[in-house]
There are 2 protein chains.
Amino acid sequence: MTAKVKFKTNGSFNTKVGKSNTGAETAETKNLLIAELLASGQITDPASRRGQLLNAAARLFEQKGYTATTVRDIAAAVGILSGSIFHHFSSKEDILCCTMQEVTRFASARMRVAIFQASSAEDKLRACIRCELEAIHGLAVPGFSILVNEWRSLSASRQALVLGLRDHYEQLWLESLSAVLGTQRRDLPLVRRLLLGALAHTHNWFKPEGKELTLPQLAEQVFVLFVPQPPSRQPTSL
Amino acid sequence: MTAKVKFKTNGSFNTKVGKSNTGAETAETKNLLIAELLASGQITDPASRRGQLLNAAARLFEQKGYTATTVRDIAAAVGILSGSIFHHFSSKEDILCCTMQEVTRFASARMRVAIFQASSAEDKLRACIRCELEAIHGLAVPGFSILVNEWRSLSASRQALVLGLRDHYEQLWLESLSAVLGTQRRDLPLVRRLLLGALAHTHNWFKPEGKELTLPQLAEQVFVLFVPQPPSRQPTSL
DNA sequence: AACGCTACCAAGCAAGCGCTTGGTTTTCAA
DNA sequence: TTGAAAACCAAGCGCTTGCTTGGTAGCGTT
């Protein structure tokens, strides 16, 4: 279950990165990431039928919601009939569960790489925030928002399957937070939950294509708000 | 549309309040609030059939979700048959829309009273946070969470109906925030959205009946985190 | 007493749902 | 070339859904 996956971030991903440590990864590094996950058996080949179905499901569940998406929709998206789906998945809920698992694995790996590429502790946290925002708004991890929105659609037993993978993701956050806010702070889990909640909720109001507030700007604003700034930078009215 | 409702908070609600300005209201003040809203025609009489249906729908939508709740469920909850519902509402979506409107009106009025009862600007903001948390976790405003969770289930035209009422609610937040953080801060709308997002997300992890972290404690933690504290209270490692 | 109105019941319709079944095509290794 | 497994189609089953229809009981007004 808790397979010990040693991800090869040693020299593969930090080659093409220049000075912008908190920047988004290139398309090449993304493909490299997918190849790595594919080789380690963590995700399904997107070229296979099963992979096509999972990608289509992720997109449809994100757009229309789980219950509003029919198995006929998913099947039609890849050009097969609805009945044929059940040669790949045992049920509709199974599709949702598998989608969530692969999305979680991909998002975790992506964040791990982003943290690795950043140098300072502050930039690592910035990378996390930016990573999360990009995922939430569909710019990097298709289907990421269903992890929040469709959680209730999953039965308790299947929730447990995804929850195991989610632990690792949240651990990455905790480490990044503690490196900036200090390991002795006892409210780190609380801060992490509030921060992730604030980020998740941007899904309802922030539009990344807007010119007024770009995603990197939003990320920096969030960083400034959650991390106590040194008084030299902070304009105080006292 | 934007009816100017002059709520009589002059002397009705601040009589029974002692020193705990950020505390929850008593059952009496809640009933008074309902009576006021009922008299001003903002909500339906909970004793009427329509009111019973709206309350049942709010509870069921919150528990099971909109699509998972059938009109037969709602009808059975008040002891009538499913077909009879459509003498009170035009459609199932109409039920959701009306529920959201009344929930929004009630939550707005409740927050207005809480703000009024608090004295200092800091305590007014604390009251807002506590109000929101109590609403989110079903302790004060049944059906409040569907405003977030089931927003997508509403068509755009009906969303507009609820959105108009929501504006007022968010205005209350902005005023409370600006009174504490300063009116000159230009990121107030952003802070409000991040704060509301963080609070909304507590729905997924915080359990108000837990002994380890009570709701008032959580509210205070959130307040401390979002409002820059004076350096005397803030333990700095520098 | 007759009326009209509201609220409700009993029954069911049309549509859509997840999923099954039996049979056909495709794939690919031996 | 052959055989078997995997992948898929065509059809539809059983069920649930939101909603409709025709009729009726109750109630207050005139």
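In this text the structure is predicted, and so the values were computed from the model without any measurement. Residue numbers begin at 1 in each chain, while the letters A, B, ... track the order of the sequences.
H137(B) and H203(B) have tilted rings, their planes meeting at an angle from 30° to 60° on a 0 to 90° scale.
The side-chain heavy atoms of R192(B) and E170(B), taken from C-beta on, include a pair separated by under 4.5 Å.
Atom-to-atom, CG of L96(B) to P of dG18(D) comes out at 12 Å; the value is rounded to the nearest Å. For L53(A) and dA6(D), the CG to P distance is 17 Å, given to the nearest whole Å. Separating the CG atom of L60(B) from the P atom of dG18(D) is a distance of 12 Å, rounded to the nearest angstrom. What separates CZ of F89(B) from C1' of dT20(D) is a distance of 18 Å, to the nearest Å. What separates CD1 of I80(B) from P of dA10(C) is a distance of 12 Å, to the nearest Å. In this entry the distance linking CG of L81(B) with C1' of dA10(C) reads 8 Å, nearest Å. Rounded to whole angstrom, the span from the NE2 atom of H88(A) across to the C1' atom of dC8(D) amounts to 8 Å.
Between S91(B) and D94(B), the side chains place no donor N or O within less than 3.5 Å of an acceptor N or O (distance only, hydrogens not considered).
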I would like to know whether F226(A) and V222(A) meet side chain to side chain contact (heavy atoms under 4.5 Å, CB included); could you show each step before the answer?
-> CA-CA 6 Å; F226(A) 274 84; V222(A) 171; 3.9 Å; yes

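Under 4.0 angstrom from either OP1 or OP2 of dT6(C) there lies no side-chain N or O belonging to R49(B). Dashed line: the shortest gap from a side-chain N or O of H87(A) to OP1 or OP2 of dC9(D) is not under 4.0 Å. The side chain of S84(A) contributes no N or O atom lying less than 4.0 Å from OP1 or OP2 of dA7(D).
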Going 5' to 3' through nucleotides 11-19 of chain C and flagging B where a protein heavy-atom sits under 4.0 Å of the base, S where only the sugar-phosphate is that close, and - otherwise, we get -B----BBB

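A donor-acceptor pair under 3.5 Å links the side-chain atoms of Q52(A) to the main chain of A47(A), judged by distance alone.
Salt-bridge formation is not detected for the pair E150(B)/R158(B): no Lys NZ or Arg NE/NH1/NH2 atom is positioned less than 4.0 Å from an Asp or Glu carboxylate oxygen.
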